Amino acid sequence: MMIGDGGKQHTISDGHVLPQRASEKVVVASTSPSAVNIKEEFEADIMQNINRSSNSPISVHRVMFGPEGWTDLPHGLLHSIIVLFGSTRDLLAFIATCPSWYAAFMSIKSTLGELFPPVIFRNCADQTSSAGSNIGNTWELIDPVYPSTPLCRLTPPSILDKMAVVKCSYGHAIFCYDRSLVIMDVLIGTTVAAPPFPLSQLCHITFISPEASPDSYLFVSSPHCLYAWRVGSPSWLHCDFLNAHLIKEMVSFKGRVIMRMRQKLYTVHLAPQFHVEVLRVDCRDYMDLYVVSGNLVACEDTLLLLGRNGEAFSIDFSTEPAKYVSVEEGGLKKWAFFFGKKRTGQPRLLVNPERMGLRGGLVYQLDENARVFSYPVDGNQNEELEPEPCFATINAYLARSPTSFATWV
């Protein structure tokens with residue numbers, strides 16, 4: 001279940017927030033091209049994509065003039081069109097076209113992350129605005145290529161006015177205040193509130209949507225317990241777990257939730273009973289603790305461990321126990337990795353970044369001012385960061401327009 005699927009409203013136990021239809025939340029900024037021009041350009045792109053689709057089950061004539069019309073196009077055809085888009089701008093226009101196309105997008109949303117270039121999700125609270133504009137409660141998506149024209153602006157419910165965003169995970173921003181938690185899908189703007197957290201001390205917080213599961217989960221740790229909330233359910237699951245406050249990362253990999261705490265890995269089982277199990281991985285003698293405490297990153301069919309000293313390892317699950325395998329030089333060229341100002345959690349990935357004018361094997365990281373820096377993923381993180389030349393435009397824009405929070409999505 002996706003948080004905003006089909007524009008449905010979920011019944012939330014504390015009644016704080018109810019998601020709305022995406023068309024009510026995603027607002028094209030006033031500086032964007034007119035909706036009419038976007039629609040005309042978009043329909044032209046659709047026709048080109050249909051002409052290139054040899055397996056299209058319907059003819060172009062029927063699409064344009066047949067009784068079913070645009071809103072009745074089969075999801076299979078719409079999916080083949082979505083994967084041909086080259087920009088998030090086209091994707092947002094597609095989502096806003098009609099409820100049927102929105103539903104088609106939601107049905108394959110979890111598979112699209114690595115195909116589209118990342119955008120920046122940022123708070124507009126620090127921008128100068130006229131009285132009563134409520135700009136402090138506004139968030140925007142920015143295409144790094146055209147930063148002065150936001151892709152869209154999202155105005156969440158007023159409940160978020162007093163809440164702080166703690167992190168973004170798998171395309172969702174997590175807001176927190178005291179024991180209250182709200183999740184927002186940053187691409188379509190829907191929000192949903194979790195039941196009040198049972199404790200006042202919240203440690204590690206993350207959101208995960210396992211690929212093989214129809215459900216999404218919010219995970220929160222306390223000093224000696226791990227909690228999980230299945231989105232839409234009335235209560236929290238929990239299991240005892242010593243030193244749970246030391247959890248560093250949780251990632252979704254092939255339908256499994258894998259967690260790192262210190263130098264050990266664990267598998268989080270959600271059914272039939274919520275519990276945590278040690279994941280045995282053979283650690284080579286030459287792997288020091290600085291390597292094993294690196295980033296866990298799920299890349300398609302590969303689970304990587306990116307060491308802090310520039311070494312990278314994949315985890316081979318074909319043996320018992322599993323084992324770390326050193327990644328050969330150049331083995332990470334297929335991906336570009338996009339981290340926020342803290343290199344923690346699952347980064348935003350882009351497959352074959354050269355098609356977008358970017359370089360593979362690099363980390364593109366935001367600093368505390370949301371400027372973009374880059375360095376080799378197999379390089380040393382402690383080296384001084386250099387501004388990324390291909391992001392000079394976005395860096396100059398963000399220097400003139402500071403923000404309190406920004407991250408890649």
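Owing to the predicted nature of the structure, the values given are computational and were not obtained by experimental measurement.
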Which atom pair, heavy atoms only, marks the closest approach of [X] to [Y]?
{"X": "Leu242", "Y": "Met261", "answer": "O-CE, 4.1 Å"}
{"X": "Phe338", "Y": "Leu358", "answer": "CZ-CD1, 3.7 Å"}
{"X": "Pro223", "Y": "Gln201", "answer": "CG-OE1, 3.4 Å"}
{"X": "Tyr227", "Y": "Leu199", "answer": "OH-CD1, 3.6 Å"}
{"X": "Glu354", "Y": "Gly360", "answer": "OE2-N, 3.2 Å"}
{"X": "Val281", "Y": "Tyr324", "answer": "CG1-CE1, 3.3 Å"}

Are any of the side-chain heavy atoms of [X] and [Y] separated by less than 4.5 Å?
{"X": "Phe197", "Y": "Val220", "value": "yes"}
{"X": "Ser100", "Y": "His75", "value": "yes"}
{"X": "Arg122", "Y": "Glu140", "value": "yes"}
{"X": "Thr206", "Y": "Lys167", "value": "yes"}
{"X": "Val377", "Y": "Leu306", "value": "yes"}
{"X": "Val325", "Y": "Phe313", "value": "no"}
{"X": "Leu160", "Y": "Tyr177", "value": "no"}
{"X": "Trp335", "Y": "Leu350", "value": "no"}

Do [X] and [Y] get their side chains close enough for a donor-acceptor pair, meaning under 3.5 Å?
{"X": "His79", "Y": "Ser107", "result": "yes"}
{"X": "Asp178", "Y": "Ser180", "result": "no"}
{"X": "Thr302", "Y": "Ser314", "result": "no"}

Please step through side chain to side chain contact (heavy atoms under 4.5 Å, CB included) for the pair Leu226 and His238, ending with a clear verdict.
CA-CA 6 Å; Leu226 179 63; His238 73 279; over 6 Å; no

Gap between atom [atom2] of [Y] and atom [atom1] of [X] - 0.5 Å precision:
{"X": "Arg260", "Y": "Leu279", "atom1": "CZ", "atom2": "CG", "result": "13.5 Å"}
{"X": "Ile174", "Y": "Ser169", "atom1": "CD1", "atom2": "OG", "result": "5.5 Å"}
{"X": "Cys152", "Y": "Asp143", "atom1": "SG", "atom2": "CG", "result": "11.5 Å"}
{"X": "Leu304", "Y": "Ile315", "atom1": "CG", "atom2": "CD1", "result": "8.5 Å"}
{"X": "His275", "Y": "Leu237", "atom1": "NE2", "atom2": "CG", "result": "13.0 Å"}
{"X": "Arg153", "Y": "Trp139", "atom1": "CZ", "atom2": "CH2", "result": "14.0 Å"}

Can you list everything that forms a ring pair (Phe, Tyr, Trp, His ring centres under 6.0 Å) with Phe391? Sequence neighbours excluded, please.
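Checked Phe391 against ring pair (Phe, Tyr, Trp, His ring centres under 6.0 Å); matches are Tyr364, Trp408.
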
For Phe241, give me all partners under ring pair (Phe, Tyr, Trp, His ring centres under 6.0 Å), at least two apart in sequence or on another chain.
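Phe241 satisfies ring pair (Phe, Tyr, Trp, His ring centres under 6.0 Å) with Tyr266 only.
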
Do the side chain of [X] and the main chain of [Y] share a donor and acceptor less than 3.5 angstrom apart?
{"X": "Gln365", "Y": "Lys341", "answer": "yes"}
{"X": "Glu249", "Y": "Leu296", "answer": "yes"}
{"X": "Asp316", "Y": "Lys323", "answer": "no"}
{"X": "Ser221", "Y": "Ala244", "answer": "yes"}
{"X": "His224", "Y": "Asn243", "answer": "yes"}
{"X": "Ser252", "Y": "Val257", "answer": "no"}

In terms of the angle between their ring planes, are Trp236 and Trp229 parallel, tilted or perpendicular, with boundaries placed at 30° and 60°?
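Geometry flag for Trp229 against Trp236: tilted rings.
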
Stepwise, does the side chain to side chain contact (heavy atoms under 4.5 Å, CB included) test hold for Leu187 with Leu91?
CA-CA 10 Å; Leu187 193 60; Leu91 186 62; 4.2 Å; yes

Check: Tyr217 ring centroid to Phe207 ring centroid under 6.0 Å:
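Centroid separation for Tyr217 and Phe207: 6.0 Å or greater.
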
Quick check on the 6.0 Å ring-centre criterion: do Phe94 and Phe85 meet it?
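Aromatic pair counts; centres sit under 6.0 Å.
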
Which is it for Thr88 and Leu141 under the side chain to side chain contact (heavy atoms under 4.5 Å, CB included) test, yes or no, and what are the steps along the way?
CA-CA 10 Å; Thr88 305; Leu141 291 177; 5.6 Å; no

Apply side chain to side chain contact (heavy atoms under 4.5 Å, CB included) to Leu78 and Trp101, showing your working.
CA-CA 7 Å; Leu78 293 174; Trp101 290 22; 3.7 Å; yes

Report, as yes or no, whether the 6.0 Å neighbourhood of atom CD on Glu300 holds more than 12 heavy atoms from other residues, nucleotides or ligands.
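Above 12, so yes.
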
